[in-house]
Protein chains: 2
Amino acid sequence: MSSPSTPARGRPARLDRTRTVDTALDLLDEVGLDALTMRRLADAMDVQAGALYRYFATKGDLLTAMAERMLADLAATATAAATATAKTEGAGDWSEQLAALARAMRTALLARRDGARVYAGTHATGPHTLGFAEAVIGVLRTAGFGAEEAARTLMAVVHLTIGHTLEEQAALRPVGGEGAADPERLRLAADPERYPRLAAVLPTLTSEDFAAHFEFGLSLLLCGLGTLDRAPTCGDAAEIYSRGD
Amino acid sequence: MSSPSTPARGRPARLDRTRTVDTALDLLDEVGLDALTMRRLADAMDVQAGALYRYFATKGDLLTAMAERMLADLAATATAAATATAKTEGAGDWSEQLAALARAMRTALLARRDGARVYAGTHATGPHTLGFAEAVIGVLRTAGFGAEEAARTLMAVVHLTIGHTLEEQAALRPVGGEGAADPERLRLAADPERYPRLAAVLPTLTSEDFAAHFEFGLSLLLCGLGTLDRAPTCGDAAEIYSRGD
DNA sequence: ACCTGAACACCGTTCAAGT
DNA sequence: ACCTGAACACCGTTCAAGT
């Protein structure tokens, strides 16, 4: 256990994981993921590229640390949800608590340039990521859901959030300098002759109100979860519904 | 319009987009996305790397063509759904048709190594991608959903599917030769002292029955959608539910 | 018209050697 | 103990020149 984070007897180190991740995240905001190279980061820290490898085994290791750090601000939301459920004051409010956690994750990923891509490309298992998961599971189990349902709901929420933010950030970036942005290309490609239903729906599909899109998907998930207890399988629920007309 | 795909007066071309994408997808299965380089692909086609740029403006362009091709097999499912809804025989069966479309997309992405990463990293707007979207919208509009709901449901389904398959493929790959795979690292990191709820749920969370995980998320979405008509907003539905206890 | 050959401007990573 | 310098084995992309 004599890693570079140990007391240090000699010269004070110029580098350390925390400062390096900070700088890397700033650089990410400046230049984007594709231009975030070890050499450029080393430059920003007034060091040679090779020196970074004393603190991060690989570039992937650095990106994982960056991903983990991005969820730092989630701690507040997570503990808020945890204490709320602990008090059982708002046990019936699980839906809103879960939504708050999901929104906080979306916000955290959107807060940095290419944040979703960084997070999706790594698999952080640090305290922020685990704390978030713990909070989500806590809300669900307190609300009375089973272990399986809770775990799978966590997955669904995270996957939806990652998928959504990935597209949201892709839609905003001008796709490499020239050429049309994402929604514009879709507008051009969706020929009303061949894809009439799709074309008719383009205004919504290419709308930039991403928050509304996210809320819709989230509400479907939460609503489905609410129904789960009344109609054991959603197939049954769909049947009940279709029997109505 | 005298692209390389024109009749060709001189020597028959060794290269063309279709053959190149085929080879690239085979190579992808062999070596994975990280090792899929223009030079390696050129080698597989017995050509110099620079020659590829007569057919693809950038590597991103090639990857987009690969992503689009990956959805080729979806055409069958999509037209099946389309004709089913056209006959209005199974208009009440929209839930199952939508599920079939989502499953087909998951299957298509899983069919190739790193398929989800390739698809998520590009933004295909070819006939397979648009045909899929058209089919989804068709099912929803035929079932009576509004334009906004249909468009946003399409997004939610696609985002959940991409997010899920991204994690599914990440969980299977051995994370770069050595070190633990994804679920194993989670098991090691989820300390029962600090994350008791999470730890209690690890068996499900690290279960490799990904199909079941996907079905759960999908059913939440579809179930939520089914409830949408009865209780205009899901918030209301959640309220109704929590009033029950 | 299509491809080669060679170059340009980079990468991530390693590791002896210095301080 | 921490970092430099230099190298290794690559990248994506461009473009004159050949056929």
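Here is the naming used below: chain letters follow the sequence lines, and residue numbers restart at 1 for every chain. Just so it is clear, the structure is predicted and the values come from calculations on it, not from any experiment.
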Regarding the side chain of A/R54, the nearest nucleotide among D/dG12, D/dC3, D/dG5 is D/dC3
Using a 3.5 Å distance criterion without hydrogens, assess whether the side chain of A/E208 forms a donor-acceptor pair with backbone atoms of A/P183.
no
note: B/F56, atom CZ; C/dC3, atom P; distance rounded to Å ~ 12 Å
Which of D/dC11, C/dT4, D/dC2 is nearest the side chain of B/R40? It is D/dC11
Next item on the list: Check whether any side-chain N or O of A/R106 sits under 3.5 Å from a backbone N or O of A/F214 as a donor-acceptor pair, and report yes or no.
Entry: no
Among D/dG12, D/dC3, C/dC2, the one nearest any side-chain atom of B/T37 is D/dG12
When rounded to whole Å, the CG to P distance for the pair B/D34 and D/dA9 reads 21 Å
When A/L36 and B/G50 are each assigned the nearest nucleotide of DNA chain C, the 5'-most assignment goes to B/G50
Q) Quick one: does A/Y55's side chain have a donor or acceptor within less than 3.5 Å of a partner on A/L15's backbone? A) yes
From OH of A/Y53 across to C1' of D/dC8 the rounded distance in Å is 13 Å
Within residues 57-70 of chain A, those residues having any heavy atom closer than 4.0 Å to DNA chain C are A/T58, A/K59
Keeping the roles fixed (side chain from A/R187, backbone from A/L202), state whether a donor-acceptor pair exists under 3.5 Å.
no
Report task. Taking atom C1' in both C/dA9 and D/dA9, compute the distance separating them and give it to the nearest angstrom. Result -> 16 Å
Check your understanding: Is there a donor-acceptor pair under 3.5 Å between the side chain of B/E168 and the backbone N or O of B/F210?
Key -> no
Using a cut-off of less than 4.0 Å, is there contact between a side-chain N or O of B/Y55 and OP1 or OP2 of C/dC3?
-> yes
Taken to the nearest whole Å, CG/A/L52 to C1'/D/dC2 is 13 Å
>> Between B/E134 (side chain only) and A/A190 (backbone N and O only), is there a donor and an acceptor less than 3.5 Å apart?
In response: no
Flag, side chain of B/H164 to backbone of B/L160, donor-acceptor distance under 3.5 Å: no
B/L33 atom CG is separated from D/dG12 atom P, nearest whole Å, by 11 Å
Between CG of B/D16 and P of C/dC3 the distance, given in whole Å, is 9 Å
Under 4.0 Å: is that the gap between some side-chain N or O of A/R14 and OP1 or OP2 of D/dT4?
yes
Q. Quick one: do the A/R185 and B/T125 side chains pair a donor with an acceptor below 3.5 Å?
A. no
Separation of D/dA7 atom C1' from A/R39 atom CZ, nearest Å, is 10 Å
Under 3.5 Å: donor-acceptor pair, side chain of A/S207, backbone of A/P203
no
Closest of D/dC2, D/dT4, D/dT13 to the B/A49 side chain is D/dT13
Testing C/dC3, D/dC3, C/dT4 for proximity to the side chain of B/A13, the answer is C/dC3
Pairs of donor and acceptor atoms involving the side chains of residues 32-41 of chain A, under 3.5 Å and at least two apart or interchain, shall be tabulated with distances.
from: A/D34; atom 1: OD1; to: A/R117; atom 2: NH2; distance (Å): 2.7
from: A/D34; atom 1: OD2; to: A/R117; atom 2: NH2; distance (Å): 3.4
from: A/T37; atom 1: OG1; to: A/R40; atom 2: N; distance (Å): 3.0
from: A/R40; atom 1: NE; to: A/A35; atom 2: O; distance (Å): 2.8

Here the distance between atom C1' of C/dC3 and atom CE of B/M45, to the nearest Å, is 13 Å
Stems for DNA chain D (at least 3 consecutive Watson-Crick or G-U pairs, under 3.5 Å) come to C:4-8 with D:12-16, C:12-16 with D:4-8
